[in-house]
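Each ligand, and each atom within it, is numbered from 1 in the order the structure gives.
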Amino acid sequence: DPIIEVENLTMRFRSKRSETVALDDVSLTVRAGEFVTIAGPSGCGKSTLLKLVAGLTPGFEGKVHLYGAPVTRPQRDIGFAFQRSALLEWRGVRKNILLQAEMRGMDRRLAQRRADHLIELTGLTGFEKALPHELSGGMQQRVALCRALLHEPRVLLMDEPFGALDALTREQMNVEMNRIWRETGTTVVLVTHSVPEAVYLGSRIVVMSPRPGRIVETLEPGLPDERD
Ligand code: ADP
Ligand code: ADP
């Protein structure tokens, strides 16, 4: 039951003077319930790969399938969280989370029930009405995470979601993210330049290298190494 199928994917960005091969012949399959982390230095094509899967970047060569169908336009049945996910400054925590429901025309009572569950799950209880500037960075990222999960997407794509946080908060968010993944069963693909973060979170770790962007290694921790 593959959720994401990427085969022989190449993405070139052309300008008048030059061509950048952001992704060169990349293949990757993500199955339901996996937590795939993609690690690698800046410029290795991590963000480009996520955006292609989300249908946000046209013009690639190769195969990109989501839920068994080719990705040809922005996908609705995904959740997306970025390094700095924009919260509406004038809206409280709960209303920021419910923004997702408004954009998608979700049933209001279902959305409210689900928002309250996510608020509890991420330890935001008591902060429902707090405004973003009244929250710590970690709490703001948890609000963004709740919003990305509100419509119960089958896959959650995260691009350096904790990159703007200090080291300690980042570690706390990793522990929390791991718990949320276990409790919700969501399929997650998370991009990070931090190898320790990738190793801590991933049920599978994909390592990329730049110029051109390629997958150089795939690691599955916890599986016995046959060479030993
Ligand atoms: P990463 O997320 O690993 O830092 P990116 O996917 O952002 O890498 O970028 C991969 C390469 O593609 C980089 O060389 C980057 O400059 C280039 N690139 C990304 N997006 C564009 C774009 N819209 N136009 C031109 N070049 C781009
Ligand atoms: P986080 O918990 O988001 O990783 P902190 O270490 O700053 O980041 O916050 C620890 C705890 O302190 C939070 O879970 C929350 O209970 C409380 N807290 C943080 N910021 C505020 C705030 N602005 N107002 C009230 N309580 C806060």
Side-chain angles (χ1 to χ4, degrees), residues 3-30 34-66 70-75 78-86 137 140-141 144-145 147-148 153 155-167 169-171 173-174 177 181 186-221:
I3 298 270
I4 299 167
E5 291 167 281
V6 171
E7 266 173 44
N8 307 114
L9 171 64
T10 295
M11 181 68 199
R12 302 168 209 274
F13 289 106
R14 291 192 185 88
S15 69
K16 275 180 197 154
R17 286 150 186 250
S18 65
E19 179 187 86
T20 303
V21 184
L23 296 170
D24 180 36
D25 198 25
V26 166
S27 297
L28 174 69
T29 300
V30 179
E34 277 195 290
F35 196 135
V36 172
T37 50
I38 302 175
S42 187
C44 69
K46 306 184 296 293
S47 297
T48 300
L49 181 56
L50 270 201
K51 283 182 198 149
L52 283 170
V53 170
L56 299 174
T57 311
F60 58 88
E61 302 155 45
K63 169 177 161 182
V64 181
H65 280 199
L66 189 65
V71 171
T72 52
R73 57 194 157 78
Q75 301 293 303
I78 58 167
F80 220 126
F82 303 92
Q83 178 166 350
R84 295 186 182 280
S85 293
Q140 289 180 26
Q141 267 318 79
L145 188 58
R147 192 170 65 191
V155 57
L156 175 64
L157 305 178
M158 307 183 89
D159 192 350
E160 291 279 3
F162 315 129
L165 305 178
D166 64 84
T169 308
R170 191 168 180 156
E171 259 177 58
M173 285 302 295
N174 279 340
M177 192 60 230
W181 172 60
T186 311
T187 308
V188 186
V189 181
L190 181 144
V191 156
T192 178
H193 64 258
S194 160
V195 172
E197 183 165 278
V199 170
Y200 178 80
L201 287 172
S203 61
R204 189 148 55 101
I205 301 135
V206 174
V207 183
M208 296 185 69
S209 74
R211 285 178 294 278
R214 282 188 180 143
I215 293 179
V216 288
E217 194 155 10
T218 301
L219 308 163
E220 297 203 33

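The 4.0 Å heavy-atom shell around ligand 1 contains residues F13, T20, A22, P41, S42, G43, C44, G45, K46, S47, T48, ordered by chain and number.
Side-chain contact between M158 and L201: absent, with no pair of heavy atoms (C-beta onward) separated by less than 4.5 Å. Within the 4.5 Å cutoff, side-chain heavy atoms of R170 are placed close to those of S194. Side-chain contact between T37 and E197 is absent, with no heavy atoms from C-beta onward closer than 4.5 Å. Residues R204 and L28 have side chains in contact (heavy-atom distance under 4.5 Å, counting atoms from C-beta outward). With a 4.5 Å cut-off on side-chain heavy atoms, L49 and L9 count as touching.
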If you apply the rule salt bridge (Lys or Arg N to Asp or Glu O under 4.0 Å), what do you find for E61 with R12, and how did you get there? CA-CA 9 Å; E61 302 155 45; R12 302 168 209 274; 2.8 Å; yes
